[in-house]
Structure formats: C-alpha cells, structure tokens
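Scroll down for the structure; my scribbles are underneath it.
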Amino acid sequence: MARPVVLTLNSGSSSLKFGLYDISAEPVELAVGQIERIGSQPRLKARSGVDQTEMLRDLSSADVRDHEGALNMALGMLREQFPDAHAVAVGHRVVHGGVAYTAPVVLTPDVLAELYRLCPFAPLHQPHNLAGVEAALKAFPDALQIACFDTAFHRNQPLVNDVFAIPRKYYDQGVRRYGFHGLSYEYISSELKRVAPLIHAGRVVVAHLGNGASMCGMLGGRSMASTMGFTALDGLPMGTRCGQIDPGVIFYLVQQEGMSIDEVREMFYNESGLKGLSGISNDMRILEKAGTPEANQAIDYFIFRIRRELAGLAAAMGGLDALVFCGGIGENSRFIRYLICEDLDWIGIDIDRERNEANQMVISAHLSRTRVMVIPTNEEIVIARAAKRLLSSAG
Ligand code: ADP
C-alpha cells in the first residue's frame with residue numbers, strides 16, 4: 001500500500017534542497033538532500049533518515065540545467081529509494097510572505113500571484129523559490145502545495161521593531177523590518193517548549209549562526225525583535241554579507257567611487273562579511289585555522305557584533321533567561337561559542353568549558369543565572385509539520 005509522504009523544497013539561486021517525510025503519524029524524516037551548482041557542475045548530496053547513510057554524486061549539467069531538471073533528478077533518486085511513497089503534499093520554503101502572510105498557506109493561483117508581486121522585496125531569493133513552486137506544480141499536479149515563509153514568525157512584533165524612521169508612506173507600502181530565518185526560530189521555539197518549557201515561557205535570545213546569520217529575541221516563544229530587517233542583509237556580519245551598515249556608505253560608493261547600485265548590492269551580498277574582512281574565506285572552519293591577523297579580526301568583528309546584539313535584544317525584552325545557539329557555526333564551533341559567552345557574567349551567563357567542548361545541549365554552568373543551550377535546527381521538519389496540519393484542515 002502507498003505510504004503518504006510530504007516533499008519539502010527549498011530552492012535557492014543555484015541549489016535545490018529537499019526532504020521527504022512519512023506523514024502516516026507525526027512527520028518522520030525519510031531522506032534529506034540537496035542539488036548544488038545547478039546549471040554549472042551539479043552535484044547531489046543526500047542522507048537517508050532511515051539509516052543515516054550518505055550519498056554524493058556528480059550529475060551532468062545537461063540533465064540539471066534548471067530547477068525543473070534538478071527536481072526531476074532528486075525525484076528519480078527518491079522514487080528509487082522509496083518506491084511505495086505517494087506525495088500528498090509539497091511544502092515550499094518561501095522567503096517573503098510580505099505583510100499579509102503570518103502563517104503557512106495553501107498555494108492557490110491567487111496566492112501564487114500575490115507571492116510574485118512580492119518579488120521586488122526579495123529579488124535575489126523570491127523568484128528562485130517560485131521557480132521551485134512552478135517545477136513542483138508540474139511534477140505533482142494533484143498534491144496540495146503549501147508555502148512556509150521566513151518572514152511569518154516575526155510578523156507580530158511590536159511597531160518599534162517593525163518600522164524604519166523614514167516617511168510613513170513607505171511603511172504603509174511595505175518597507176518594514178521583516179526579519180528572516182523564521183522557520184529556524186519556529187523550530188527552536190517548538191523544541192524549547194518540549195525540552196525546557198519554563199525557559200520557553202521566558203526571555204530567550206536565539207543566535208542562528210550559519211553562512212547567513214541572525215538573532216531573534218523571543219518572549220514566551222514568540223518573536224519580539226530580530227537583527228535582520230527589510231532584507232536579509234541587515235544585522236550581524238555573515239559569510240559574505242555585510243550586516244548592519246550606515247546607508248551613507250552606499251552614497252559614498254555610488255557618488256565618489258562611481259559604482260552602480262548593482263555593483264554595490266553584489267559587494268554587500270557576496271564580497272563582504274567574513275570573506276570581505278578576512279580576504280580569505282566566508283567559511284568559519286577555514287578562518288579558525290588560518291591564524292592571519294585579518295582572519296582573526298574578521299572573527300573578532302563577528303563576535304563583537306553578536307555580543308552587542310545580545311545585549312540589545314536582552315534590553316528589548318527586559319532581561320535574559322537563555323541564549324540558544326543554532327546554525328552551522330552555532331551548532332559546531334566550540335571556539336566561537338566560548339568567545340561569545342566569556343565574561344558575560346553581568347548578563348548572567350557563566351559558560352561551562354567542558355560542556356561546551358562536549359557539545360552538550362546545555363553548555364552553561366549549573367548555577368549560571370542565564371542558561372546557554374545548543375539546539376540543532378531543522379527548518380525542513382517545520383515545513384513538513386505545516387503541510388500535515390494544512391492537509392488535515394483541507395480534509
Ligand atoms: P547556511 O546558512 O548556508 O545554511 P550553515 O548553517 O550550514 O549555513 O553554516 C555554515 C557555516 O558553519 C560555515 O561558516 C561553516 O564553516 C560553519 N561550520 C560548520 N561546521 C563547523 C565547525 N565544526 N566549526 C566551525 N564552523 C563550522
């Protein structure tokens with residue numbers, strides 16, 4: 001008998017991440033993976049959720065020319081491995097839900113048209129997300145298609161965290177602090193509720209530190225404030241993104257250096273952050289080993305901005321009960337976590353070196369007033385759960 005599954009898709013500019021979940025009961029991961037370098041030298045990486053075996057395969061660029069080719073390639077692999085799977089829903093990660101979408105939604109033609117209208121708000125991401133939707137609509141015309149938004153988790157923040165101090169009409173037009181990484185924060189909030197309900201009910205800062213990096217202040221499991229703003233450029237410095245910057249720098253680069261707006265954008269998104277400051281790499285593992293003054297300064301800047309935002313978010317919430325790390329750096333780098341947390345006793349943080357080295361879930365000392373935790377995030381399962389919920393309500 002066919003078993004019901006949800007396929008999750010996250011399509012970026014040159015990659016397609018996918019997950020397959022059995023939804024006979026609570027969603028269970030069957031496989032996750034990604035096809036990278038679509039259109040150039042495509043490569044498939046996948047991991048079985050059943051026995052954790054990994055697969056790495058180079059693909060032909062003729063077969064994987066675009067997102068549709070990538071989806072068909074991923075589906076071929078999944079069908080081989082799970083011949084009894086029947087996709088009843090496809091859940092898409094969509095970066096922007098604008099002002100209106102505060103929760104996952106079924107993708108009807110009207111909703112899809114509305115999401116296309118939001119492309120100018122996220123021109124580097126939204127069109128690729130929607131290319132994934134179009135490919136899935138062709139491949140699964142009978143499945144329920146749903147969208148989960150990176151902005152949704154933050155949509156109920158107080159006005160002071162939602163607004164920029166520019167003429168009001170732009171706020172009304174949608175120029176707001178949307179905040180991103182919402183699926184990751186939603187997952188961390190749900191995990192906290194399960195493993196530490198008292199902490200969940202309190203004042204928590206979550207630091208999602210990956211190639212993209214942001215922080216979110218949560219009160220009672222809901223977003224109060226976040227470091228990302230109108231776009232995913234704001235806030236912390238990231239692998240290649242600059243983070244918070246004085247807009248005057250843009251005027252200088254355009255007016256004095258003669259750069260075009262596209263060149264400035266390219267530089268801020270792809271040549272800045274850890275890569276720009278170190279001159280070596282956007283990859284934290286490489287910077288930790290490099291030991292050059294520039295690599296160390298890039299790390300120092302990363303740490304400094306995280307600590308500054310931590311204090312700011314704690315002030316926004318009137319205190320701090322816990323700091324939670326997630327994302328590739330937050331989940332793995334003992335070194336960076338230690339540097340962030342050292343000498344923070346004034347905010348109640350007392351990190352336990354051994355627990356940190358052992359990568360335990362709680363890395364603060366027993367008597368630390370503020371708890372420090374490491375929780376591996378899982379954005380895909382948030383999408384699978386939403387799909388299951390919407391399937392139930394759609395009957
Ligand atoms: P993305 O935002 O692309 O999903 P990830 O969450 O996978 O990124 O994080 C990628 C970052 O995590 C890279 O900078 C990588 O170097 C860093 N990272 C992964 N493992 C480690 C580790 N063991 N030590 C330090 N940094 C690590």
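What you are looking at is a predicted structure, and each value in this text was computed from that prediction instead of being measured. Each ligand, and each atom within it, is numbered from 1 in the order the structure gives. Numbers here simply count residues along the sequence, with the first being 1.
Ranked by closest heavy atom to atom 5 (P) of ligand 1, the top entry among Ser15, Gly327, Gly328 is Gly328. Evaluated by nearest non-hydrogen atom to atom 20 (N) of ligand 1, the leading choice among Ile329, Asn332, Leu287, Ile286 is Asn332. Across the listed options Asn211, Asp283, Asn10, Asp283 owns the non-hydrogen atom lying nearest to atom 16 (O) of ligand 1.
Contacts with ligand 1 closer than 4.0 Å are made by side-chain heavy atoms of Glu288 only, the backbone lying farther away.
By the 3.5 Å distance cut-off applied to N or O atoms, Leu209 is not counted among the residues near ligand 1. The shortest N/O to N/O separation between Arg285 and ligand 1 falls below 3.5 Å.
Each of the atoms 2 (O) of ligand 1 lies under 4.0 Å from some heavy atom of Gly212.
Residue contacts with ligand 1 do not include Gly239, since none of its heavy atoms lies under 4.0 Å from the ligand.
A cation-pi arrangement is found for Arg353 relative to Tyr338, the charged atom lying closer than 6.0 Å to the ring centre and inside a 45° cone about the ring normal. Geometric assessment of Arg176 against the ring of Tyr171 yields a positive cation-pi assignment under the 6.0 Å and 45° thresholds.
Lys17 NZ, 4.2 Å is the protein heavy atom nearest to atom 4 (O) of ligand 1. Protein heavy atom closest to atom 14 (O) of ligand 1, with residue, atom name and distance, is Met284 N, 3.1 Å.
Salt-bridge formation is detected for the pair Arg93/Asp150: a Lys NZ or Arg NE/NH1/NH2 atom is positioned less than 4.0 Å from an Asp or Glu carboxylate oxygen.
The 12-atom threshold is not exceeded at CD of Glu354, counting heavy atoms of other residues, nucleotides or ligands nearer than 6.0 Å.
Among Gln34, Lys17, Glu379, His128, the one residue that satisfies the side-chain contact (heavy atoms from CB on, under 4.5 Å) test with Asn10 is Lys17.
One side chain, Ser214 or Tyr185, offers a donor N or O that lies under 3.5 Å from an acceptor on the other.
Using cut-offs of 30° and 60° for the angle between ring planes, the Phe149 and Tyr101 rings count as parallel.
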